[in-house]
Amino acid sequence: MTGILAVLAFALWTLILVFTSVNWRVIEVLRGKGINSWGRDDGIAVPEIVKRMQHAHLNCLENLPIFAILVFSAYFLGKQPVVDSLACYVLYARLAQSLVHLIGTSQPLVFVRATFYVIQVLIFFYMFWGLLA
């Protein structure tokens, strides 16, 4: 898998998370809830799985720009091998982090989720270092 394909897959996963959580609202509107029933801190109670999905989406949004900048910089600098060899692992760690987030928020699960996040960050630093070399 190339770095570009990994970035595209990461972006697709981000879209899937937001699409799914937004569709919960669409269903609620179709069930008769007001379309303006959701505020930032008030409104209709959101099921826990939808909250976790929204948080997993936000986690993706925090890291997708960093990943994309590293991959695109490697391509612009002609250093694709620096990212191509590791990009799939960033994607796998991201998917695992999100899926663990969707499963629950117990202490062991948060530890596992944090581990997958740290893996991504360490790979980002490694990629960055490789681009400077």
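- For residues 7-22, the pairs satisfying side chain to side chain donor-acceptor pair (under 3.5 Å) are Trp13-Ser98, with sequence neighbours left out.
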Worked verdict on Arg25 versus Glu28 for salt bridge (charged side-chain N to carboxylate O under 4.0 Å, His left out): CA-CA 5 Å; Arg25 287 187 181 195; Glu28 289 297 306; over 6 Å; no
For residues 64-88, dump all side-chain donor-acceptor pairs below 3.5 Å to protein atoms at least two apart in sequence or in another chain.
{"residue": "Ser73", "atom": "OG", "partner": "Ile69", "partner atom": "O", "Å": "2.7"}
{"residue": "Tyr75", "atom": "OH", "partner": "Asp84", "partner atom": "OD1", "Å": "2.8"}
{"residue": "Tyr75", "atom": "OH", "partner": "Asp84", "partner atom": "OD2", "Å": "3.3"}
{"residue": "Lys79", "atom": "NZ", "partner": "Leu131", "partner atom": "O", "Å": "2.9"}
{"residue": "Lys79", "atom": "NZ", "partner": "Ala133", "partner atom": "O", "Å": "2.5"}
{"residue": "Asp84", "atom": "OD1", "partner": "Gly3", "partner atom": "N", "Å": "2.6"}
{"residue": "Ser85", "atom": "OG", "partner": "Pro81", "partner atom": "O", "Å": "3.2"}

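- Linking Ile, Leu, Val, Met, Phe, Trp and Tyr residues whenever their side-chain heavy atoms come within less than 4.5 Å places Val90 and Met1 in a single cluster.
- Counting heavy atoms of neighbouring residues, nucleotides and ligands inside a 6.0 Å radius, atom CZ of Phe128 does not exceed 12 of them.
- Residues Phe124 and Asn63 have side chains in contact (heavy-atom distance under 4.5 Å, counting atoms from C-beta outward).
- Leu17 contributes atom CG, which lies 10.5 Å from atom CD of Gln54 (distance to the nearest 0.5 angstrom).
- Applying the salt bridge (charged side-chain N to carboxylate O under 4.0 Å, His left out) rule to Glu48 yields the partners Lys51; only residues at least two apart in sequence or on another chain are considered.
- Here the side chains of Ile4 and Leu8 are in contact, with some heavy-atom distance below 4.5 Å.
- The shortest distance between side-chain heavy atoms of Leu109 and Arg113 does not fall below 4.5 Å.
- A 6.0 Å sphere centred on OH of Tyr117 holds no more than 12 heavy atoms belonging to other residues, nucleotides or ligands.
- Residue pairs meeting the side chain to side chain donor-acceptor pair (under 3.5 Å) criterion with at least one partner in residues 119-133, sequence neighbours excluded, are Arg94-Gln120, Gln97-Gln120.
- With sequence neighbours left out, Ala9 forms a side chain to side chain contact (heavy atoms under 4.5 Å, CB included) with Leu91.
- Ile119 is listed as a side-chain neighbour of Phe116, based on a closest heavy-atom distance under 4.5 Å.
- No side-chain heavy atom of His55 sits less than 4.5 Å from a side-chain heavy atom of Thr105.
- Asn59 pairs by the side chain to side chain donor-acceptor pair (under 3.5 Å) definition with His101, not counting sequence neighbours.
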